[in-house]
Amino acid sequence: MAPAAPEQNVDLLSASQYFFVYNAFSFTLACMAATTLFLWFARSQVAPAYRTALTISGLVTAIAAYHYWRIFESWDSAYDVIDGTVTVTGLAFNDAYRYVDWLLTVPLLLIELVLVMKLSRSETVSKSWKLGIAAALMIILGYPGEISDTIQERAIWGALSTIPFLYIVWELFKGLGESIERQPVEVRKLIKDARLVTFASWGFYPIVYMAPFVGAGGGSVETALQVGYTIADIIAKCGVGILIYVIAARKSEFEPGWGAKAGTAPAT
Ligand SMILES: *C/C=C(C)/C=C/C=C(C)/C=C/C1=C(C)CCCC1(C)C
């Protein structure tokens, strides 16, 4: 039996949408890999107390770089462009890479934020657990909605996923807020910035998730989803990672036996 002719996919992606997403994935892979190298090499520039924060920040972008490579490959093999027309190959584009990536990186991102604050040991452990579990729940509840064919199911799972999301936002502003007031004044603003960039970029994900509700046709929904998540990932992982480095470098200046300003009590 002859292999089935590739299916026309005209009401799905246009060639420019296909290449837009293709290039966005490629660019993001480069950003994640470059940020990983930067963060790991920068470890030696900060005091030992902050190195784990940089190790984890680089781990987040390393995990994401791997998954963007897989996402890129999956996108590449799911479609063919023949004479300017996008056709499906029969291999489905695999959205699971993105959710597996989030499942691993989202708890780590919260932990890196907690670590750079250098709280007491018990506070670090309890906040990391609470935030990490809430983050995992948020992603697990979002996935069935992401892959569902019906808009109703998408709405229900999205709403469920928003519950742990709101808890995380509350923890970031209320729970960590108190600890931020105990940070050296020089870094207080930076930590608040990192929290704000985290909040703003994380808030972007549920907005992107709602793209199918707009009711736009053609490939615009798929394009908006893929490019939207990609932009959010760059800000939430590379952007926040670099901010964590800046905070760690600034705080290192006050570390005994390390920074130039050691011995000067940081202003409070
Ligand atoms: C590096 C990846 C990050 C920071 C991913 C963050 C993802 C979210 C904050 C996702 C949130 C969602 C909701 C709050 C509701 C709809 C479903 C999700 C999973 C998109």
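Positions are given from 1, in the same order as the sequence printed here. Counting starts at 1 for both ligands and their atoms, following the listed order.
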A.B. asks: How close does the nearest protein non-hydrogen atom get to atom 1 (C) of ligand 1, and which residue and atom is it?
C.D. replies: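 Atom 1 (C) of ligand 1 sits closest to the protein heavy atom Lys237 NZ, 1.4 Å.
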A.B. asks: Give the atom numbers and elements of ligand 1 that come within less than 4.0 Å of a heavy atom of Val106.
C.D. replies: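 Heavy-atom distances to Val106 below 4.0 Å select 2 (C), 3 (C), 4 (C), 5 (C), 6 (C).
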A.B. asks: For residues Tyr245 and Leu54, report the shortest heavy-atom separation together with the two atoms involved.
C.D. replies: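 Closest pair (atom of Tyr245, atom of Leu54, distance): CA-CD2, 3.6 Å.
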A.B. asks: Please determine, by modelled atom types, if Thr61 and Thr35 share a side-chain donor-acceptor pair under 3.5 angstrom.
C.D. replies: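 On atom types as modelled, these side chains do not qualify, holding no pair under 3.5 Å.
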A.B. asks: Check each atom of ligand 1 against the heavy atoms of Asp233 and keep those under 4.0 Å away; list them by number with element.
C.D. replies: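 The list of qualifying atoms is 1 (C), 2 (C).
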A.B. asks: Just checking, is any N or O donor in the side chain of Tyr209 or Glu146 under 3.5 Å from an acceptor N or O on the other one?
C.D. replies: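 Short answer, no.
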A.B. asks: When you look for heavy atoms under 4.0 Å from ligand 1, do you find them on the side chain of Leu109, its backbone, both, or neither?
C.D. replies: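 Under 4.0 Å from ligand 1, Leu109 contributes side-chain atoms alone.
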A.B. asks: Can you report which non-hydrogen protein atom sits closest to atom 4 (C) of ligand 1, along with the distance?
C.D. replies: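 Protein heavy atom with the smallest distance to atom 4 (C) of ligand 1: Trp202 NE1, 3.3 Å.
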A.B. asks: Tell me, which protein residue and heavy-atom name are nearest atom 7 (C) of ligand 1, and how many Å apart are they?
C.D. replies: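 The closest heavy atom on the protein side is Tyr205 CG, 3.5 Å.
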A.B. asks: Answer with side chain, backbone, both or neither: which part of Leu141 has a heavy atom less than 4.0 angstrom from an atom of ligand 1?
C.D. replies: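 None of Leu141 does.
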A.B. asks: Does the side chain of Asp101 come under 3.5 Å of the side chain of Tyr66 through a donor N or O and an acceptor N or O?
C.D. replies: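 Note: Asp101 and Tyr66 side chains miss the donor-acceptor criterion.
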A.B. asks: Between Gly203, Gly142, Ser161, Gly228, flag the one that comes closest to atom 12 (C) of ligand 1 by a heavy atom.
C.D. replies: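 Among Gly203, Gly142, Ser161, Gly228, the closest heavy atom to atom 12 (C) of ligand 1 comes from Ser161.
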A.B. asks: Would you name the heavy atoms of Ala62 and Trp40 that are closest together and state the gap between them?
C.D. replies: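 Heavy atoms of Ala62 and Trp40 come nearest at CB-CH2, 3.9 Å.
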A.B. asks: Nearest 0.5 Å, what's the CD1-CD1 distance between Ile151 and Ile156?
C.D. replies: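 Rounded to the nearest 0.5 Å, the CD1-CD1 separation comes out at 11.5 Å.
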A.B. asks: Set out, in order, the CA-CA distance, both residues' side-chain angles and the distance that settles side-chain contact (heavy atoms from CB on, under 4.5 Å) for Ile111 and Leu131, then state yes or no.
C.D. replies: CA-CA 8 Å; Ile111 292 170; Leu131 287 166; over 6 Å; no
A.B. asks: May I ask you to identify the nearest protein heavy atom to atom 9 (C) of ligand 1, giving residue, atom name and distance to one decimal place in Å?
C.D. replies: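 Of the protein heavy atoms, Met138 CE, 3.3 Å lies nearest.
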A.B. asks: Mind checking whether Trp102 contacts ligand 1 via backbone (N, CA, C, O), side chain (CB onward), both or neither, at a 4.0 Å heavy-atom cut-off?
C.D. replies: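 Looking at Trp102 and ligand 1, just side chain atoms fall under 4.0 Å.
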A.B. asks: For ligand 1, which atoms sit closer than 4.0 Å to a heavy atom of Thr105?
C.D. replies: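 In order of number, 1 (C).
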A.B. asks: Aromatic contact between Tyr22 and Phe72, with the criterion being ring centroids under 6.0 Å apart: yes or no?
C.D. replies: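 Centroid distance Tyr22-Phe72: below 6.0 Å, so yes.
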